[in-house]
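Single-structure report; data block below.
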Number of protein chains: 2
Amino acid sequence: MSTRRKTPLHIEVTESHQCSVDLRLRILHGLPFFADLPHADVEQVNRLFHEYGYAPNETICFAGDSAERLFVVADGRVKLMRHSLSGKNVLLDMLTPGEFFGSLSALKDDVYPDTAEAQTQSCVLSIGASDFRRILEKHPMVALKVLEITSARLREAQERVRQLSALTVEGRVANVLLVLGRKFGKRSDVGLLIESPLTRDDLAAMTGTTTESASRVMSQFQKDGLIQTGRKWVSILAQEALERIAEAEAE
Amino acid sequence: MSTRRKTPLHIEVTESHQCSVDLRLRILHGLPFFADLPHADVEQVNRLFHEYGYAPNETICFAGDSAERLFVVADGRVKLMRHSLSGKNVLLDMLTPGEFFGSLSALKDDVYPDTAEAQTQSCVLSIGASDFRRILEKHPMVALKVLEITSARLREAQERVRQLSALTVEGRVANVLLVLGRKFGKRSDVGLLIESPLTRDDLAAMTGTTTESASRVMSQFQKDGLIQTGRKWVSILAQEALERIAEAEAE
DNA sequence: CGACGAATTGAACCTATTCAAAGGGTGTGG
DNA sequence: CCACACCCTTTGAATAGGTTCAATTCGTCG
């Protein structure tokens, strides 16, 4: 078994951090909230967006900075993190192309509540908060779609609050693995491979525990044949068994 | 000191659970998201709302039920709770007049993610989800306002995730007390009185701990002269000291 | 190959939970 | 109006789950 490659993850590494103009337009057109927008309007909107490339671990915006822009992931993976004074940071979300973050409000004195960091090489589009607001005002259907997405995220965040309150570390890790499997999962010869580089630190920051506890739980899951995992990658073998653990709410 | 009344809380108990038509119109006009709406439109919108009264501990809507309506608190206090199979429930929010809950989406197969329960005698207005959606489509400014509120709530929920991940029970209780103080606080002869009946169970469900732990922390706070508390009420004496505890992130 | 970052594992410690029991205030019914 | 009953609250002691600190192993990339 040692002859097999250890890292089944293939992360695209483009030469330039910029994403192509072609990709950029495709992203905008494919954005959930621009989906219903007439072609001409998207073209117009396109001109308001700027584009930046980021290397892995590079910060896109800092929590506390004046929040003047809205960002849209075009390519790569972006981590949304909230800091604590103690250094024990929380990983709130991992964003894929099409998802947005940053400022939605028009308030001038607003600041970003979170730090956004590229997890892989990424391309991010951004637009001035006031420009985006003008779009929302002009296109009610876009505003409604953004509201729907925000609303769904609120539910997810509240579900996480519930889990942190009611579940053990084991249950929370199982839940996160299932969510990531749904979001990043791709069938492969090692199971449902989560296509995103994922350290024990990340896992800990997503479940409100320590690196060591996350590691212990993952080791146990692997021993039990539920997952397959290595350095910076995870793959799910027994989804149903994980679901049982995820839903087992400390009776 | 035993001559003083023990319960400084005054909860209005109206005969009827219904709120007056007068109050109802005033509420609609005062709603954050209807604030900018022309008078005539509000009158029109008013006709789409239904009105119900609830006794303390009565359930307004059940998690899992088909989500067809949006609710607005007109009078009283409403608890938003998310259940766990184990019975360890989580108190997500305590709503005051003007705040909304229920369904924002137009999806037909949607269900309420939470159970809403009257904490005090309450009056609640409700509107069909599709009717509300039509209002949002017709009045972009209303949609934007709703988006802003939802967005702010998302931030709060994420802040709670951070706290559950990074703070001790003591820190989380201190935080909740400060938030409630800001939301319900009224200066009185016993300090900043939180005008909402609040049990140790509620506190535990808001901080992800047990009734006993919440009680222990509250006892300690009282011993230290930070708060004054009794059966179903709390008052803050030393806000700054609480803030220090709330921000002390387990170094 | 060598070095660094990531992951694992062990053992002591500690916070918070659990289970159990007793005390206290409120409001209701006699 | 008083007394009782119920629910809320408090407190104690034992336990468990998780953290912390420290040391080691392992894998990947330069």
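Values reported hereafter were calculated over all heavy atoms of this structure, with side chains retained and with hydrogens, waters and symmetry mates removed. In what follows, chains carry the letters A, B, and so on, assigned in the order in which the sequence lines appear, proteins first and then strands, with residues in each chain numbered from 1.
Direction change of the helix axis from one end of the helix from dC1(C)-dG30(D) to dG30(C)-dC1(D) to the other is 40°, with five pairs defining each end axis (rounded to 10°).
Nucleotide dT19(D) holds its P atom 13 Å from the CG atom of L164(B), rounded to whole Å. Rounded to whole angstrom, the span from the CZ atom of F221(A) across to the P atom of dA7(C) amounts to 16 Å. Taking atom CZ on R200(B) and atom P on dG25(C), their separation rounds to 13 Å, with Å as the unit. In this entry the distance linking CZ of R231(B) with C1' of dC8(D) reads 5 Å, nearest Å.
Residues satisfying the side chain to side chain contact (heavy atoms under 4.5 Å, CB included) criterion with S188(B), sequence neighbours excluded, are V190(B), L193(B). The side chain to side chain contact (heavy atoms under 4.5 Å, CB included) check on A205(B) picks up L91(B), with sequence neighbours excluded. Residues passing the salt bridge (Lys or Arg N to Asp or Glu O under 4.0 Å) test with R182(A), sequence neighbours excluded: none. Take L192(A) and apply the side chain to side chain contact (heavy atoms under 4.5 Å, CB included) test, not counting sequence neighbours, and it matches R187(A), I236(A), Q239(A). Contacts of K186(A) classified as salt bridge (Lys or Arg N to Asp or Glu O under 4.0 Å), with partners at least two apart in sequence or in another chain: none. Residues that satisfy the side chain to side chain contact (heavy atoms under 4.5 Å, CB included) test with Q158(B), not counting sequence neighbours, are R82(A), L92(A), D114(A), A157(A), L154(B).
Residues from residues 208-220 of chain B placing a heavy atom under 4.0 Å of any atom in DNA chain D, listed by number, are E212(B), S215(B), R216(B), S219(B).
Under a cutoff of 6.0 Å and an axis angle of 45°, R153(B) and F101(B) do not form a cation-pi pair.
Every pair passing salt bridge (Lys or Arg N to Asp or Glu O under 4.0 Å) that includes a residue from residues 202-229 of chain A is listed here, sequence neighbours excluded: K79(A)-D202(A).
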